[in-house]
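Here's the structure, in structure tokens; my notes come after.
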Amino acid sequence: MRTGTAGGLSPEEETTMALACALYERGAWAESFRLLLRLSAAGKRTAPLLYNKALCLERAGRREEALSCLENALACLKSGKREWVKPSGEEAALQTLYEQQCAKAQYRFPMREEEAACLPDYARERVLRLMIDLYAQQKDGARVRGLAASLPGKHFDNLERALRETAEKEM
């Protein structure tokens, strides 16, 4: 388990993030985005916050801004301060529950702060998959292939589709 993150959220901010995620999942994208913007304006910069902003920006048709958020989310995941401790029984159970929860989740749904904290590889994978979708929409085969290479051995429907679509465009 991780005990600290650079740029993490306070408990009140985590509640705001959870509300933003719930609103997005219910289709209240504008309200969700408004809460995410409020967190950003307060100087917060976490991978889940940036990922969730990217989801909203994509819905608004602002792909370049969404990609910028995703690039920043990857940077947060790479530079995040990680202090690992051996999980207690409760923490190990929590991690197992997050793994089960995330295994069922679709990558195009909001990411919670704790999911990224417990499962940083999962968070990175979600960011990369959304980036692949956006670059495929832009018909940028080189970027799609580059990102696909960073997911070796992974077989996702969106990844296969993006590779196929961009290959067809280049022929």
Side-chain angles (χ1 to χ4, degrees), residues 1-29 31-59 65-134 147-156 158-159:
M1 298 290 294
R2 192 162 61 166
T3 60
T5 61
L9 302 180
S10 70
E12 179 183 307
E13 292 163 336
E14 285 187 21
T15 300
T16 301
M17 174 69 95
L19 177 58
C21 291
L23 287 167
Y24 185 93
E25 289 170 356
R26 288 188 207 129
W29 305 305
E31 291 85 357
S32 175
F33 191 57
R34 184 179 56 76
L35 291 174
L36 297 170
L37 290 175
R38 186 167 49 166
L39 289 171
S40 291
K44 298 305 166 183
R45 181 183 154 100
T46 67
L49 173 61
L50 292 162
Y51 180 85
N52 296 339
K53 280 179 62 178
L55 286 172
C56 292
L57 288 165
E58 181 199 15
R59 279 215 171 261
E65 291 172 72
L67 283 165
S68 177
C69 282
L70 293 170
E71 293 285 350
N72 288 327
L74 277 180
C76 283
L77 288 169
K78 289 178 185 173
S79 68
K81 181 181 173 189
R82 294 190 177 117
E83 297 173 12
W84 297 96
V85 296
K86 184 176 180 186
S88 69
E90 291 84 8
E91 290 170 334
L94 180 62
Q95 184 165 359
T96 299
L97 291 171
Y98 272 121
E99 287 170 357
Q100 292 171 355
Q101 177 180 318
C102 292
K104 292 169 137 184
Q106 297 181 13
Y107 72 100
R108 286 184 154 272
F109 276 83
M111 184 187 312
R112 267 91 176 152
E113 287 293 322
E114 282 302 311
E115 292 170 355
C118 286
L119 306 170
D121 291 338
Y122 166 77
R124 179 181 172 276
E125 183 178 280
R126 284 182 70 180
V127 169
L128 291 172
R129 289 183 70 192
L130 185 56
M131 289 176 78
I132 286 168
D133 286 355
L134 293 172
L147 292 171
S150 64
L151 292 169
K154 300 286 184 168
H155 299 285
F156 298 113
N158 78 302
L159 174 58

Worksheet item: Does the side chain to side chain contact (heavy atoms under 4.5 Å, CB included) test come out yes or no for N52 and M17, once each step is laid out?
Response: CA-CA 9 Å; N52 296 339; M17 174 69 95; 3.4 Å; yes
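- With hydrogens and angles disregarded, no donor-acceptor distance shorter than 3.5 Å links the side chain of S32 to the backbone of A28.
- In this structure, C76 and A47 approach most closely via the heavy-atom pair CB-N, 3.9 Å.
- Here the shortest heavy-atom pairing between A73 and L50 reads N-CD1, 3.6 Å.
- One distance of note links CE of M111 with CG of L55; it measures 8.0 Å at 0.5 Å rounding.
- The two residues E113 and L49 have their closest heavy-atom pair at OE2-N, 3.9 Å.
- A donor-acceptor contact shorter than 3.5 Å links the side chain of E115 to the backbone of R112.
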Worksheet item: Y24 and E31: side chain to side chain contact (heavy atoms under 4.5 Å, CB included), yes or no, with the steps?
Response: CA-CA 8 Å; Y24 185 93; E31 291 85 357; over 6 Å; no
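- Distance check: L130 CG to L67 CG gives 8.0 Å after rounding to the nearest 0.5 Å.
- Of all heavy-atom pairs between A66 and L134, the closest is CB-CD1, 3.8 Å.
- To the nearest 0.5 Å, the span separating CG on L35 from OG on S40 amounts to 11.0 Å.
- Using modelled atom types and a 3.5 Å distance limit, the side chains of E12 and T15 yield no donor-acceptor pair.
- Note that the CG atom of L57 and the CZ atom of R59 stand 12.5 Å from one another [nearest 0.5 Å].
- The backbone N or O of P11 lies less than 3.5 Å from no partner atom in the side chain of E14, so there is not a single donor-acceptor pair.
- Proximity of M131 to L74: side-chain heavy atoms (C-beta onward) are separated by under 4.5 Å at one or more points.
- Tested against L128 for a side-chain contact (heavy atoms from CB on, under 4.5 Å), the candidates R126, R124, E125 yield a single pass: R124.
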Item to complete: Determine, step by step, whether E65 and E58 satisfy the side chain to side chain contact (heavy atoms under 4.5 Å, CB included) criterion, reporting the C-alpha distance in whole Å, the side-chain angles of both residues, the deciding distance to 0.1 Å, and the verdict.
Response: CA-CA 8 Å; E65 291 172 72; E58 181 199 15; over 6 Å; no
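- A donor-acceptor pair under 3.5 Å is formed between the side chain of N158 and the backbone N or O of R129.
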Discussion item. Assess the residue pair F33 and L23 against the criterion (side chain to side chain contact (heavy atoms under 4.5 Å, CB included)); give the C-alpha distance rounded to whole Å, side-chain angles, the decisive distance to 0.1 Å, and a yes or no.
Written reply: CA-CA 9 Å; F33 191 57; L23 287 167; over 6 Å; no
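- Between I132 and A148 the shortest heavy-atom distance is CD1-N, 4.0 Å.
- Considering only heavy atoms from C-beta on, L9 comes within 4.5 Å of T46 through its side chain.
- Residue P120 comes nearest to A117 through the heavy atom pair CD-O, 3.9 Å, listed as atom of the first residue, atom of the second, then distance.
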